[in-house]
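A, B, ... follow the sequence lines: proteins, then strands. Residue 1 opens every chain. None of these values were measured; they are calculated from a predicted model.
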4 protein chains.
Amino acid sequence: MTDGQEPIRDIAHLGHFEIYTPKPDESLWFFKEILGLEETDCHEQSVYLRAWGDYDRCTLKLTEAKRAGLGHVGWRTISPQALDRRVQALDAAGCGKGWIEGDTGHGHAYRFEDPDRHQMEVYYESERYLAPPQLQAKLINQPQKFTARGAAVKRIDHINLMCSNVTPNREFLQGTLGFKLREKLQPEVGGVEEGAWLSVTPLVHDIAYTRDFSGNRGRLHHIAYWVDSREEVLRSADVVMENDIFIEAGPAKHNITQAFYLYLYEPGGNRVEIYSSSYLIFAPDWEPITWRKADRGRGVYWGGTLPESFKTYGTPVVAASTAEKGDLFVFDPA
Amino acid sequence: MTDGQEPIRDIAHLGHFEIYTPKPDESLWFFKEILGLEETDCHEQSVYLRAWGDYDRCTLKLTEAKRAGLGHVGWRTISPQALDRRVQALDAAGCGKGWIEGDTGHGHAYRFEDPDRHQMEVYYESERYLAPPQLQAKLINQPQKFTARGAAVKRIDHINLMCSNVTPNREFLQGTLGFKLREKLQPEVGGVEEGAWLSVTPLVHDIAYTRDFSGNRGRLHHIAYWVDSREEVLRSADVVMENDIFIEAGPAKHNITQAFYLYLYEPGGNRVEIYSSSYLIFAPDWEPITWRKADRGRGVYWGGTLPESFKTYGTPVVAASTAEKGDLFVFDPA
Amino acid sequence: MTDGQEPIRDIAHLGHFEIYTPKPDESLWFFKEILGLEETDCHEQSVYLRAWGDYDRCTLKLTEAKRAGLGHVGWRTISPQALDRRVQALDAAGCGKGWIEGDTGHGHAYRFEDPDRHQMEVYYESERYLAPPQLQAKLINQPQKFTARGAAVKRIDHINLMCSNVTPNREFLQGTLGFKLREKLQPEVGGVEEGAWLSVTPLVHDIAYTRDFSGNRGRLHHIAYWVDSREEVLRSADVVMENDIFIEAGPAKHNITQAFYLYLYEPGGNRVEIYSSSYLIFAPDWEPITWRKADRGRGVYWGGTLPESFKTYGTPVVAASTAEKGDLFVFDPA
Amino acid sequence: MTDGQEPIRDIAHLGHFEIYTPKPDESLWFFKEILGLEETDCHEQSVYLRAWGDYDRCTLKLTEAKRAGLGHVGWRTISPQALDRRVQALDAAGCGKGWIEGDTGHGHAYRFEDPDRHQMEVYYESERYLAPPQLQAKLINQPQKFTARGAAVKRIDHINLMCSNVTPNREFLQGTLGFKLREKLQPEVGGVEEGAWLSVTPLVHDIAYTRDFSGNRGRLHHIAYWVDSREEVLRSADVVMENDIFIEAGPAKHNITQAFYLYLYEPGGNRVEIYSSSYLIFAPDWEPITWRKADRGRGVYWGGTLPESFKTYGTPVVAASTAEKGDLFVFDPA
């Protein structure tokens, strides 16, 4: 918003994300049996999935590839007009890559890149999920039956992208798409910005950018699905342990966003978060929270710390740059 | 939205509600000690309160009066311009009552009435809560310390107003303020609309209108505060029982909105809901859910039923009309 | 305990129960997929099952029969000597029926009847469950993997038997087996005893006797399995609803025993409880709690009521006697 | 049990513990306002407290002293005869210290020491708590009102004592008092026993002995109170954080005992655990679980680790012996 103009409010929500996996069968098993997603479609090298509470036809596209990592992020606009406006803004910013015809679950979409070259798209037309008879819920306001399978995550929540420099990526989303900055990690006044949490909805973040301490760029930190209670996160951790999935951190509570988190590596190597708690922001004039070193106590809220890998591990998995690495945990899905 | 126009998106969220109580001391005790709200201000016959997670200075105004009931509902706009637009629309609809200078916690506001004559206001300027030292939270993104007092509700959620005829009230909010209809209770096709759940945010409802089966108009059904888990609703029920507060229904789960609810009567007679679970709607083109008789099973989700009072009891407490009453429960705060 | 003698402490715990079902396939589906039990053995007309946290080989024997109802209840003694002592006492009481050779999961057992002719047995030798490789838990102190299937109940908890007259049955268990009375429902001083909750462990009840208001005798009220939290009971209710299992009552909280309950009818017609919360009794000199009419408020703890069927429905399903029936709910599995 | 003899079953349960504090006012504030205990009595330098679900008059005796640490542990027997038998056994073992007249809440008691010289006592007569009118619960089977204050712990659970050598202490309790070994930590076959978890009840442990890696003896590791759900442990952690209480570890899940734990240091320096989950043992012939190094994964169940202080910090606070210390955290309440 500049000079009394009203803010851009054209993006409705995070629609879906696509991730790559070098182990498609194992990854698919994980997302269906452990995370509890439902497979809705399958085309070529991709499987499309959604959580039981997702009312869109697809929120995760899982694509076979040589290396793990982000395929793309899809943002839905509030209207066709809003889509046109955003395409103009993206074009003007010189980051547009052109239209695609659409994909399973949504209509034509405009592709673009953020400064770190993460692939994204905006679209409006979206297909609502219709449950087949055996998956129809007893509640007509619930998109499908509660299957109670595995962690049984409820809905897509957010994505976290690692980047070489948080600031330009964050400013790009604010400037071209109207994202609002909710929280920021900048340990020293005037120092490097290590993380930014942004949203277009009342969720604290639809997307986060965090610094890639390995010195790389364009990588995926994690995708996140929501469950309704902290108890469900704990239960998920029990499920995950029994199925030999690597837990990197949690269950515990973040300072930033107040999230109650559990971080896993799915068999393809991508980090996945099972997420709950946190808080909602309805204020149109929210003042971003800035976290300094002194605000974070010993690390996470109750006093634990995140492992070093949390700052350096991402997908694709790459060797850390020599300058800043700590005790780098290297998870090699190969 | 008409003919390709984009929808009105000028209301940001439910800001506050004012309720009347004939028993100000007992009501204040309830809201502070049992619901766990924080008192922030006190002027003349009113006390101003907020939940520990509310970042506005005030979300409940509790005013001494001869009878219980609704004072008014306050809606915050997304900008000053949006406020101007809504005032014009309200004026054009002939339901405007003029500006007031403001109140504790917010700037000048425009008063109006819905068709059932419930008092409402729109405003933009809102004061952010600043915790005094003894109430400062360890988390800088949390407006105040988690006090863990009583039910320790987290934030304002919604309001439910009873009305003689749901349809015109519902259409009024849609037409003048841009509320979106999320769910509707209309037992018979073409029959009477018994309830409507509307919102401007991703919450399933910021406001509901439900039919007053006593034949009265302009009454309050309930105000609702949020807690983060169903377990906290259960815990609240234990707290409430130990303190001789009347539980009308719950804890249980609604079909409509999927809410996990607990309905109480505060000592002044107003119904209060402690609320969790439910679901969020991010889709810009949500198709309202219509509940028919056959969709609701035996009543509420797991098979219980709501007491008759749920359809006829509201504040102010009045005698039921003879035509439609069932086994009317009369709670007399006098 | 008489005249300074020390109390009988020979029964260790509830070992297992056998129930009959006229619909063996549907019942087995329910116990495995919905309740989440594990099938361990299958002989002739019976399937043997246990919960993931049960360390014995079998806690439920499900037997095909013409009508639903109780097969028998198995009590494990603390030692072989204790078994001998109890057999002597049962013989002396004239209710013994002789030894059986044993069954899957336990050694030779002595059969007897309570005054209402419910079949029971005492035994000492019990087989500990050894999980096959695919079901081995990551925790060596957990008998098997947490499967997270359906309600995923954790362990056997208790049984509730209906009887024509509570008092003699209750006194029989106290006198011959050393059960301790924990709570008692006797609405009027000197009036009829409507329920008795007894245990040999710190659980509030390993067994309850409740009055059969239909005027019948020897029937089963319900069997109960434990989950660790109230949230899991709620989650179970969601699972159950999606699978067309009839919920008779709950989730809610009893006054008596403080149980958080959910009552279902399994497809064969037997009532099953999913149970949590409650409290433990360690005192060797616990004074039984006696509930009078005035102590129970409106019914169950938070104000709801149990349906009439709770007092009259049992298995086998029979017509109610004319004298005392209310609005009898008849569930007919045929 | 030797040669066919039946096992000793004379101890009913952990009755109470006494701890010393050099900061009586701050400690009392912690136990009342943060842990949520109720003060029942106060004599000389001691305050007596209990949890809302404790039916005994007192489960914690808090005594002013120069240094923090254990006062004594009180075990209740099942009968007066059982008390006599245990006194004979203790005398025979040469560890008896003689009778005391009794204390608030219990009758005459026999004092003794374990090999590490932790002070203990056995007694039978115990006073049941009677709530004053303002603390009477709505439920007649609940010893007092649920106050919902602070963590609102429900009942006493267990105690953990550090010792120079686990084995003789563990064998002492087994031999003289009939404690049953439930789990044991012995990382190497034939190696040093680092921990033993014992009980006389179905709880996994009424007492644990763990090795004092600082090389000291006779110290207190922690006292523990129970809450009914993991969610309540998490909530307690939030309460504790807001009140500047040091969290040493958790909330997280142990491998051993399957406990869901939160470890705090109360202002006097003693470690306190808020505890839930775990499992119950009813089998009379339970085979102790032995944990080897390979069974414990990375530390605690979901992959975190306990801080070094967990092995070396105890009360009284003392300097670590030079031989075995790691990064010793020294909490100095002075």
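- Residues D:Ser229 and C:Glu231 are not in side-chain contact: their nearest non-hydrogen atoms beyond the backbone lie 4.5 Å or more apart.
- Note on D:Val204, D:Thr290, D:Val200, D:Leu203: by heavy-atom pairs under 4.5 Å with chain C, the leading option is D:Leu203.
- Using a 4.5 Å cut-off between heavy atoms, C:Ser276 makes no contact with chain D at all.
- The two atoms that bring C:Ile281 and D:Tyr55 nearest to each other are C-OH, 3.5 Å, heavy atoms only.
- With a threshold of 4.5 angstrom between heavy atoms, D:Leu14 does not approach chain C through any atom at all.
- Contacts of C:Arg9 with chain D are made by both backbone and side-chain atoms, with heavy-atom separations under 4.5 Å.
- In this structure, chain C has heavy atoms under 4.5 Å from both the backbone and the side chain of D:Gln142.
- Here D:Asp285 is the residue among D:Thr257, D:Asp285, D:Thr77 with the most heavy-atom pairs under 4.5 Å with chain C.
- Of the two parts of C:Arg155, only the side chain, counted from C-beta on, holds a non-hydrogen atom closer than 4.5 Å to a non-hydrogen atom of chain D.
- Annotation for D:Ser278 and C:Lys154: closest pair O-NZ, 2.7 Å, computed over non-hydrogen atoms.
- With a 4.5 Å cut-off on non-hydrogen atoms, C:Gln258 touches chain D through its backbone and its side chain both.
- Between D:Phe282 and C:His13, the ring planes are tilted. Angles from 30° to 60° get that label.
- Highest contact tally toward chain D, considering only C:Glu232, C:Arg230, C:Arg85, is held by C:Arg85 [criterion: heavy-atom pairs under 4.5 Å].
- In this structure, no portion of D:Arg182 lies under 4.5 Å from any heavy atom of chain C.
- The greatest number of non-hydrogen atom pairs below 4.5 Å with chain D, out of C:Asp56, C:Ile289, C:Ile256, C:Leu280, is found for C:Ile289.
- With a 4.5 angstrom heavy-atom cutoff, D:Trp291 touches chain C via backbone and side-chain atoms both.
- Look at C:Lys138 and D:Asp295 and you find no salt bridge, because none of the NZ, NE, NH1 or NH2 atoms lies under 4.0 Å from a carboxylate O.
- With a 4.5 Å cut-off on side-chain heavy atoms, D:Asp228 and C:Ser277 count as touching.
- With hydrogens and angles disregarded, no donor-acceptor distance shorter than 3.5 Å links the side chain of C:Asn141 to the backbone of D:Glu183.
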